[in-house]
4 protein chains.
Amino acid sequence: MEPNPTFLNLPEEKKRRIEKAAADEFSDNGYRSASINTIVSKVGIAKGSIFQYFGDKKGLFLFIFGQSVDKVKNYLKEVRDATTEAPLHLRLEETLKAGVDFTQKHPVIYRLYVRTLAEKEIPFRAEILTSIRNYSLEYLRSLLDTAREKGELRDGVNIDVACFVIDASMDRFLQALTLPHMDGGLGIHNADEKELEIKIKHLCDSLLSGVTP
Amino acid sequence: MEPNPTFLNLPEEKKRRIEKAAADEFSDNGYRSASINTIVSKVGIAKGSIFQYFGDKKGLFLFIFGQSVDKVKNYLKEVRDATTEAPLHLRLEETLKAGVDFTQKHPVIYRLYVRTLAEKEIPFRAEILTSIRNYSLEYLRSLLDTAREKGELRDGVNIDVACFVIDASMDRFLQALTLPHMDGGLGIHNADEKELEIKIKHLCDSLLSGVTP
Amino acid sequence: MEPNPTFLNLPEEKKRRIEKAAADEFSDNGYRSASINTIVSKVGIAKGSIFQYFGDKKGLFLFIFGQSVDKVKNYLKEVRDATTEAPLHLRLEETLKAGVDFTQKHPVIYRLYVRTLAEKEIPFRAEILTSIRNYSLEYLRSLLDTAREKGELRDGVNIDVACFVIDASMDRFLQALTLPHMDGGLGIHNADEKELEIKIKHLCDSLLSGVTP
Amino acid sequence: MEPNPTFLNLPEEKKRRIEKAAADEFSDNGYRSASINTIVSKVGIAKGSIFQYFGDKKGLFLFIFGQSVDKVKNYLKEVRDATTEAPLHLRLEETLKAGVDFTQKHPVIYRLYVRTLAEKEIPFRAEILTSIRNYSLEYLRSLLDTAREKGELRDGVNIDVACFVIDASMDRFLQALTLPHMDGGLGIHNADEKELEIKIKHLCDSLLSGVTP
DNA sequence: CATGAATGAGAGTTCATTCAT
DNA sequence: GATGAATGAACTCTCATTCAT
């Protein structure tokens, strides 16, 4: 997971160029089809350097992926801590807004995650994904638990299932930002900021209220 | 999209062996990493034959994928037509049951779909996925439209958003069947038939009723 | 050990060119340092073909080496069968002459053997070498056993040790033919046929009579 | 052949660690396959230092090999000088014992020698090996010449040939110590000290007496 | 003087595709 | 129509060597 100190001591700008090129390549092509040739020629360094920094392709991938996960976690943590007093409705909205914000700032990271979902022979794939999903669910569960304590939930709500639904819907919402074909008629892809805010509100409404009388 | 007539005139049994081997390979390895070598050696035919039948790797993939999509569509159509009179709650349950049933009978097809979600250089990937998602949403929308006409929906429900939530949740539910790390605490993966039925009911409850009072 | 039938069905001339180039390369450079690039560019075939024929570098080496061993064994067998009635002295001479003959006709094979002696990571190296040495010793032992039965040996001779000495000396004699620095003052390297015959006679004399009165 | 003075001025302990690591690597892998990376990381010095000390890989090898040859020569010289008065039989035994002793104390050096025998592109390989063999033969020749003067030899003995046989047999005996497959039924490999002493005696008996009446 | 980052040629191997039989 | 041998580009990874610090 940790690159060679050589890499860490590189000038910030060079490090970022390498990280960006690698993240781009992996998120565009998945693990196995990603080409180190492409990465190095984009960055303009020698092929050998990548292997000096990260040992092998697997090491490079784990580093890039780990970095991305850390970025997401920090982002979510900030949101949770900034909204502890707010009602559930608002907290969900803020969470999703933060997700949108993050996905727009780092579209590559989201694609990288989606890629990893779907590829079989990725190193430590199972462990990686389990940890991500668990993190996401625990985050939502802490929101719902707080809401229940505050009496914001209807009696008889199954919190596990509710988390599942919210997680899936938010995940898909974010996918739609990056992948046009996941948009599903909502017009999420290519919506401007104002429109997105409205769509987020609608989604959270629907998640909280359901569809039946 | 259409294979060479030579292929279509092959004995049924041989055709099926080729289709199965190809679907297995693509769903295990994605598009680019799938190996035609592996396919032909599994089937026991000459490598050149594949190229005679399908032109190139892309042609083979499109044929296999198209076949799978057709199977799904037929399955869903049957469910819709068999439950037109039932209440929304039941129709959703039956739809999800049918999805589970299909995924269990044809696990390869589901993996093939998930793979395609995530790979960039798949031929006509965008078109393929858009058509699938649209089909799925239209299917759900026809269910909800009928429900609204029957007065089963709460006033002010945004049907587009509701479809989006239901589609995302059902999709994730089916993913959890095949990929353990998408299970998310619900215990879907490895559940027996009876347990699955209960989970399906809970999910549909949650989707219809929301979480707030 | 067995190459792909594809290789076996090649025109004799092409097969021989491949075998020769590979044997040359291995005997010049050992296993690990031998370059498949060099082999294919010498033969003028595509790199992929070698891997089609032999699977991998290891497979190529085992085939080439096995072929060489077979050639040696056949040669020795002929000599033994052609001299069963002759006295020990003559049989040793004929054996060595045959060895010289073989080494001159196939200098590459001898170098290949010497190479294998000295390299560590050769596939199945231990098994290969044990089998060769055992074959050689058994051959000599059968000669000495026959001689003992015929009363040609001095009482109290330790046959194991005698075989060891003869084997080592003959081995070195043959090495000297190919490697000038093993010549050791005898002038074996670059000797003409007539001179070699005399040297062979001297060596066998010495082996049979020792040096003390 | 001579390293940079910088190396010679290094602390003894560091010098020895470098020499040991290099000798290990060359004797394990031969010349071309030996990795300077491995050497420096074992010793814990910078890669550049090796090139500062020895110029290039070739310089390092020549230095290490030369050192080893010197060690062997010193060893043999001691034996010769310590046994000038003894009969030939004893002197040969002592020589072989010394060889065994040396091989057991410095197994790396012997492997290094065997490696060099077999590799083509070693720098100055021919010159190196010729000098070694010549030294060995001259050593034996001085023993046999002394013996002849003392009347220990049978009339008509060809001293060149005798040296050749003795040299080859002793060489093989020592090889058998390190390489199990050269053992040839004598059980040299893994023999304890006492057994070895007996085997040495038998070998020298055989060398001196031959096999015929 | 020591360092170790950078280099790029070359290693073995895989693979979709072509085409003569 | 079926075959499978041949191809060569692309892959990951290793390595001796250089040189700025």
Side-chain angles (χ1 to χ4, degrees), chain A residues 4-7 9-11 14 32-41 44-60, chain B residues 4-7 9-10 14 31-41 44-60, chain C residues 4-7 9-11 14 32-41 44-60, chain D residues 4-7 9-10 14 31-41 44-60:
Chain A
N4 191 300
T6 309
F7 175 75
N9 294 332
L10 250 38
K14 191 172 183 181
R32 191 160 142 191
S33 299
S35 159
I36 289 190
N37 274 359
T38 304
I39 295 174
V40 295
S41 76
I45 58 173
K47 207 192 293 196
S49 296
I50 286 290
F51 291 90
Q52 190 142 62
Y53 301 153
F54 304 100
D56 54 13
K57 193 185 187 182
K58 173 178 148 185
L60 173 60
Chain B
N4 187 302
T6 313
F7 175 75
N9 294 330
L10 249 36
K14 191 173 181 182
Y31 176 71
R32 189 158 143 191
S33 298
S35 159
I36 290 193
N37 271 359
T38 305
I39 295 173
V40 296
S41 78
I45 59 171
K47 209 190 294 194
S49 297
I50 288 289
F51 289 87
Q52 192 133 59
Y53 301 153
F54 304 99
D56 55 11
K57 194 185 186 181
K58 171 177 146 187
L60 173 60
Chain C
N4 189 301
T6 308
F7 175 76
N9 293 331
L10 250 38
K14 190 172 184 181
R32 190 159 142 190
S33 299
S35 159
I36 290 190
N37 275 359
T38 304
I39 296 173
V40 295
S41 75
I45 58 173
K47 207 194 291 198
S49 296
I50 287 289
F51 291 89
Q52 189 143 64
Y53 301 153
F54 303 101
D56 54 13
K57 193 184 188 182
K58 174 178 149 187
L60 173 60
Chain D
N4 188 301
T6 312
F7 175 75
N9 292 331
L10 249 36
K14 190 172 181 182
Y31 176 72
R32 191 160 142 191
S33 299
S35 159
I36 291 193
N37 271 359
T38 305
I39 295 173
V40 296
S41 78
I45 59 171
K47 210 191 293 194
S49 297
I50 287 290
F51 290 86
Q52 192 132 59
Y53 300 152
F54 304 99
D56 56 11
K57 193 184 186 181
K58 172 178 147 186
L60 172 61

Proximity to the side chain of T6(A) - top-ranked nucleotide from dT3(F), dC13(F), dG4(E): dG4(E)
When rounded to the nearest 0.5 Å, the distance separating CG of N4(D) from CG of N9(D) is 9.0 Å
Side chain of F51(C), heavy atoms from C-beta onward: which of dC13(F), dA16(E), dT13(E) has the nearest atom to it? dT13(E)
On DNA chain E, nearest-nucleotide positions of S33(C) versus K58(B): which is more 5'? S33(C)
Got a second to check how far K47(D)'s NZ is from I36(D)'s CD1, nearest 0.5 Å? 8.5 Å
Rounded to whole Å, please give me the gap between CD1 in I36(C) and P in dT14(F). 17 Å
Counterpart base for dG8(E), defined by Watson-Crick or G-U wobble contacts under 3.5 Å: dC15(F)
Hey, does L60(D) reach any base, or is it just sugar-phosphate, or nothing, if we go heavy atoms under 4.0 Å? nothing
If pairing means Watson-Crick or G-U wobble with both distances under 3.5 Å, then the partner of dA20(F) is dT3(E)
If you look at every heavy atom in Y53(B) and K14(B), which pair is closest and at what distance? OH-NZ, 4.3 Å
Would you say R32(A) places a side-chain N or O within less than 4.0 Å of OP1 or OP2 belonging to dC15(E)? yes
Once you round it to whole Å, what is the distance between C1' of dC15(E) and OH of Y31(B)? 13 Å
State whether the side chain of D56(D) and the backbone N or O of G59(D) hold a donor-acceptor pair below 3.5 Å, judged by distance alone. yes
Phosphate contact (dA16(E) OP1 or OP2) by K57(B) side-chain N/O below 4.0 Å: yes
Smallest separation among heavy atoms of K57(B) and R32(B), with atom names: NZ-O, 2.9 Å
Rounded to whole angstroms, how far apart are CG on D56(D) and C1' on dC15(F)? 14 Å
Ignoring hydrogens and angles, does a donor from either the side chain of K47(C) or the base of dT7(F) sit under 3.5 Å from an acceptor on the other? no
Between I45(A) and Q52(C), who's closer to the 5' end of DNA chain E by nearest nucleotide? I45(A)
Using the closest heavy atom to pick a nucleotide of DNA chain F for each, name whichever of A34(A) or P11(C) lands nearer the 5' end. P11(C)
Sugar-phosphate only, base, or nothing, as touched by I39(B) at under 4.0 Å among non-hydrogen atoms: nothing
Separation of F54(B) atom CZ from dT17(E) atom C1', in whole Å? 16 Å
Checking all strands, does Y53(C) fall into the base, sugar-phosphate, or nothing category for heavy-atom contacts under 4.0 angstrom? sugar-phosphate
Separation of dA6(F) atom P from N4(C) atom CG, nearest Å, is 10 Å
OH of Y31(D) to CG of L60(D), rounded to nearest 0.5 Å, is 8.5 Å
So N9(C), base contact, sugar-phosphate only, or nothing? Heavy-atom distance under 4.0 Å. nothing
Categorize S49(D) for me: base, sugar-phosphate, or nothing, with a 4.0 angstrom heavy-atom threshold over every strand shown. base
For N37(C), which contact category applies under a 4.0 Å heavy-atom criterion: base, sugar-phosphate, or nothing? sugar-phosphate
F7(C) CZ to dA6(F) P: how many Å, rounded? 10 Å
Under 4.0 Å between a side-chain N/O of K14(C) and OP1 or OP2 of dA6(F), yes or no? yes
